[in-house]
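Have a look at the structure below, then the notes.
All values below were derived from every heavy atom in this structure, side-chain atoms included, with hydrogens, water molecules and symmetry-related copies excluded. Each chain gets a letter, A, B and so on, in the order its sequence line appears, and its residues count up from 1.
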Amino acid sequence: MLDIQLLRKDLASVVTRLGSRDFTLDAAHFEAIENERKDLQTRTQDLQAQRNTLSKQIGMAKSQGLDASDLMQQVPAVNTALVDLEARLGTLQNEMQTFLAGIPNLPQDGVPVGFNEEGNVEVRRWGQPRSFDFTPLDHIDLGESLELLDFPTAVKIATSRFALMRGDLARLHRALAQFMLDVHTSEHGYEEIYVPYLVNADSLHGTGQLPKFEEDLFKVGDNLYLIPTAEVPVTNIVRDEIIPIENLPIRLVAHTPCFRSEAGSYGKDTRGMIRQHQFDKVELVQMVHPNDSAAALEELTGHAETILQRLNLPYRVMALCTGDMGFSAARTYDLEVWLPGQNTSREISSCSNFEAFQARRMQARFKNEAGKNELIHTLNGSGLAVGRCLVAVLENYQNADGSITIPEALRPYMRGIERLQANK
RNA sequence: GGAAAGGUGGCAGAGUGGUCGAAUGCACCGGAUUCGAAAUCCGGCAUACGGUUUACCGUAUCGGGGGUUCGAAUCCCCCCCUUUCCGCCA
C-alpha cells in the first residue's frame, strides 16, 4: 500500500510513476473521495466533540446532584445528525481503503521502463551452457524414460498440473531443498523457520496477494488459503509488531510447498514440471532498516545465485522492467536458469525489494534512532524454486544414455551415488 | 466435539456506567545524586487519523462486530482467539 500522504501531497508524480508500469491511477476519483472525506470527517468529529462535551457536563452535574435534564435534551439532536454522518464517513473510508489497496507499488528510480517482459534488461550472466554431442532431452522425456517421473499417475490421484516423483528423483528433489537450506543457514546468516501452509486473509492482505489476486489462490474453508509462497507466512511474522532496532536485519529462510491455482494460464507450460499447482520452494525473507533495503536486495539476489553457482547451472540475472514487476515490488531481479532440453532460460528465482509497501499494509514497524515508530522494509526471493531447479539439474546434467549425473554439491545428500539410473 | 475461565498499553496487572486513554509495577528515555556505576529520587513514555502546523487542539481505539444509554473498558447479543479439564487423535 502506498502512503496516502504521498497521494495527497504529490498526486501528479504518483500518477506518472505508476503510469510507467502501465497502471492508470484514477486521480479524479481519488480527489473526489478525498475531498468528501475531509469534509465529512471534520463535521463528524466536531459533532462527536459536542456530544462528548455534553455527556461530560451531564456526568459532572449529576455527580453534584444537579438537574441535568436541559443538557440531556440537547444530545438527541446531535446524535441524529451523527448517525448519518458516521455512516457516510465509514462508507467513504472503506472506499478509500479499497482504492488504496488496489494500487501497486511505485517502481524505484532506475528500474527499466517497459510494459511487458520485452522491457526486462539482462544485468549479468554466469556460467557457460554446456555443449552436447547429442540432442539434449527435456526433463519430461528424461524423467519418464528413467521411470522416476510420472505425470499420468499424479493426474489420476489429483488432476492435471501435479507431479509424482519416485525413488532417487524424489530423493534428489529433497536433496536440493536440504542443500539450499544448509547453505543459507550456515553461510548466509538466515534462520531456518517452519511455518503454517494455510494462512488467513489478513496475512494475504499484508503481503499483497489480496484483495486483487484471490483467483490465483486455493481457498480452504471459510477464511484459510493454501500458501502460494512462503513469503506470506514468513513475512507476516512481523505483522502488527514493533521490532527493536537492534534486531534488524531479520533474515529468515523456509522450505515449503507452494500452491497456485494458475487460473488464466491455460495452455501455458502444460507439459512437465515448470508450472504446477503444487511445488516446493526455499524462500529467503529479510526485514531491514529502510536505509539498508537497496543493498539487501543485491545481497539477497547474490544468496540465491550462490545456489546456482554451487550446482554449476548457467543463469542470467534480469532486472524486471516496470510493467513486468509484481504488484508489491519496487525493484525485482529474476534469475533465469539455462534449460538445454528446451533451449531456453526459465525463471527459477525472483528477488524483490518491497520497501515499505508490505510493511504499511502489515503495520510492521521498528523504533528508529529518534525513538519514533517507522515502517520497516521487506524483501524476499526464491532461493530457489526446488521443482524448477530439479528440472535444471535433469536437463543440464543429462548423459547420452539418458542417465543423470548428480551434481557434486548434492552427493552428500544422495548417499554418495553419482548417477540417476532407470528405476529398477 | 463437550465444560469452565479469560482476552486491557512493550510486558505484568487494576479498573463493573460518568472528569478513564485508562491506577500500579516492570521495562524504556531524560534529569538529579555519584569520580563513575549500582541503588535512590524527579520527570517523561500507547497507536492511528484529522485540523492547525515544531511544543497545540480534536476524533477514534481496552480481541472483532452489533446493541442498550445523554454517556460503555465496564451492561446485553453474535463471532474470533487463548488457557484448563474431558473426549478424540499424528
Side-chain angles (χ1 to χ4, degrees), chain A residues 1-9 11 30-101 194 196-206 210 219-225 233 236-248 250 257 287 356-376:
Chain A
M1 196 155 66
L2 298 182
D3 186 355
I4 190 171
Q5 306 290 359
L6 191 63
L7 298 194
R8 286 177 184 145
K9 281 192 197 116
L11 187 57
F30 173 78
E31 284 181 318
I33 48 184
E34 171 63 4
N35 288 335
E36 194 181 347
R37 186 228 95 229
K38 192 181 269 190
D39 174 57
L40 279 176
Q41 184 162 344
T42 45
R43 281 159 63 200
T44 304
Q45 293 188 352
D46 282 349
L47 283 179
Q48 287 170 329
Q50 263 184 55
R51 183 188 58 190
N52 289 347
T53 307
L54 283 170
S55 291
K56 204 162 267 189
Q57 285 171 348
I58 291 166
M60 281 157 74
K62 287 198 165 181
S63 72
Q64 288 164 29
L66 302 172
D67 176 32
S69 49
D70 273 2
L71 290 166
M72 287 172 72
Q73 276 173 9
Q74 295 178 45
V75 182
V78 177
N79 276 341
T80 315
L82 256 181
V83 167
D84 176 53
L85 278 176
E86 281 175 342
R88 284 162 62 198
L89 181 59
T91 308
L92 209 62
Q93 283 173 332
N94 285 339
E95 201 178 327
M96 181 60 91
Q97 274 307 112
T98 307
F99 181 76
L100 289 175
Y194 175 87
Y197 300 159
L198 292 173
V199 293
N200 58 37
D202 283 345
S203 293
L204 287 157
H205 189 268
L210 290 180
K219 191 170 187 178
V220 179
D222 284 341
N223 189 36
L224 287 173
Y225 299 80
N236 274 280
I237 289 170
V238 298
R239 175 153 55 87
D240 293 322
E241 298 291 331
I242 298 171
I243 300 153
I245 189 168
E246 63 270 19
N247 290 3
L248 298 177
I250 297 173
M287 293 89 174
F357 189 85
Q358 294 181 327
R360 186 170 294 109
R361 290 172 162 240
M362 294 190 298
Q363 283 303 298
R365 296 158 296 174
F366 71 104
K367 282 247 186 270
N368 69 15
E369 295 80 351
K372 296 280 283 178
N373 294 334
E374 188 178 338
L375 297 167
I376 58 167

So, with a heavy-atom separation below 4.0 Å from RNA chain B, the residues of residues 82-99 of chain A are none

Residue-level proximity of residues 32-39 of chain A to RNA chain B when a heavy atom falls under 4.0 Å: A:Arg37, A:Lys38

Indicate every side-chain donor-acceptor pair of residues 196-205 of chain A with a distance under 3.5 Å to a residue at least two apart or in another chain.
| residue | atom | partner | partner atom | Å |
| --- | --- | --- | --- | --- |
| A:Asn200 | OD1 | A:Asp202 | N | 3.3 |
| A:Asn200 | OD1 | A:Ser203 | N | 3.0 |
| A:Asn200 | OD1 | A:Ser203 | OG | 3.2 |
| A:Ser203 | OG | A:Arg239 | NH2 | 2.8 |

Can you give each donor-acceptor pair under 3.5 Å made by side-chain atoms of residues 71-86 of chain A, sequence neighbours left out, with the distance rounded to 0.1 Å?
| residue | atom | partner | partner atom | Å |
| --- | --- | --- | --- | --- |
| A:Thr80 | OG1 | A:Pro76 | O | 2.6 |
| A:Asp84 | OD2 | A:Arg88 | NH1 | 3.3 |
| A:Glu86 | OE2 | A:Gln48 | NE2 | 2.9 |

If the [atom1] atom of [N] is compared with that of [M], how far apart are they to the nearest Å?
| N | M | atom1 | result |
| --- | --- | --- | --- |
| B:rG15 | B:rU69 | P | 28 Å |
| B:rG63 | B:rC11 | P | 13 Å |
| B:rC45 | B:rU24 | C1' | 15 Å |

Just to be sure I understand the rule, does A:Glu241 reach a base, reach only the sugar-phosphate, or reach nothing, if contact means heavy atoms closer than 4.0 Å? nothing

Rounded to whole Å, CG of A:Asn373 lies from P of B:rC45 at a distance of 15 Å

How would you list, by chain and number, every residue that makes a ring-ring contact (aromatic ring centres under 6.0 Å, His included) with A:Phe357, sequence neighbours excluded? A:Phe327

With A:Glu34 via salt bridge (Lys or Arg N to Asp or Glu O under 4.0 Å) - residues at least two apart: A:Arg8, A:Arg37

Residues passing the salt bridge (Lys or Arg N to Asp or Glu O under 4.0 Å) test with A:Asp39, sequence neighbours excluded, are A:Arg43

Salt bridge (charged side-chain N to carboxylate O under 4.0 Å, His left out) partners of residues 54-67 of chain A, not counting sequence neighbours, each pair once: none

Mind listing the N/O atom pairs, protein and nucleotides 54-62 of chain B, below 3.5 Å?
| residue | atom | partner | partner atom | Å |
| --- | --- | --- | --- | --- |
| B:rG58 | N2 | A:Gln45 | OE1 | 3.2 |
| B:rG58 | N2 | A:Gln45 | NE2 | 3.4 |
| B:rU59 | OP1 | A:Asn52 | ND2 | 3.2 |
| B:rU59 | O3' | A:Gln48 | OE1 | 3.3 |
| B:rU59 | O2' | A:Gln48 | OE1 | 2.7 |
| B:rA60 | OP2 | A:Asn52 | ND2 | 3.2 |

Taken in chain and number order and not counting sequence neighbours, the residues that satisfy side-chain contact (heavy atoms from CB on, under 4.5 Å) with A:Leu100 are A:Met1, A:Ile4, A:Leu7, A:Met96, A:Gln97, A:Ile103

Report, one pair per line, the protein and nucleotides 6-13 of chain B atoms (nitrogen or oxygen only) whose separation is under 3.5 Å.
none

Using a cut-off of under 3.5 Å, enumerate the N/O to N/O pairs linking the protein to nucleotides 15-19 of chain B.
| residue | atom | partner | partner atom | Å |
| --- | --- | --- | --- | --- |
| B:rG18 | N2 | A:Ser55 | O | 2.9 |
| B:rU19 | O4 | A:Ser63 | OG | 3.2 |

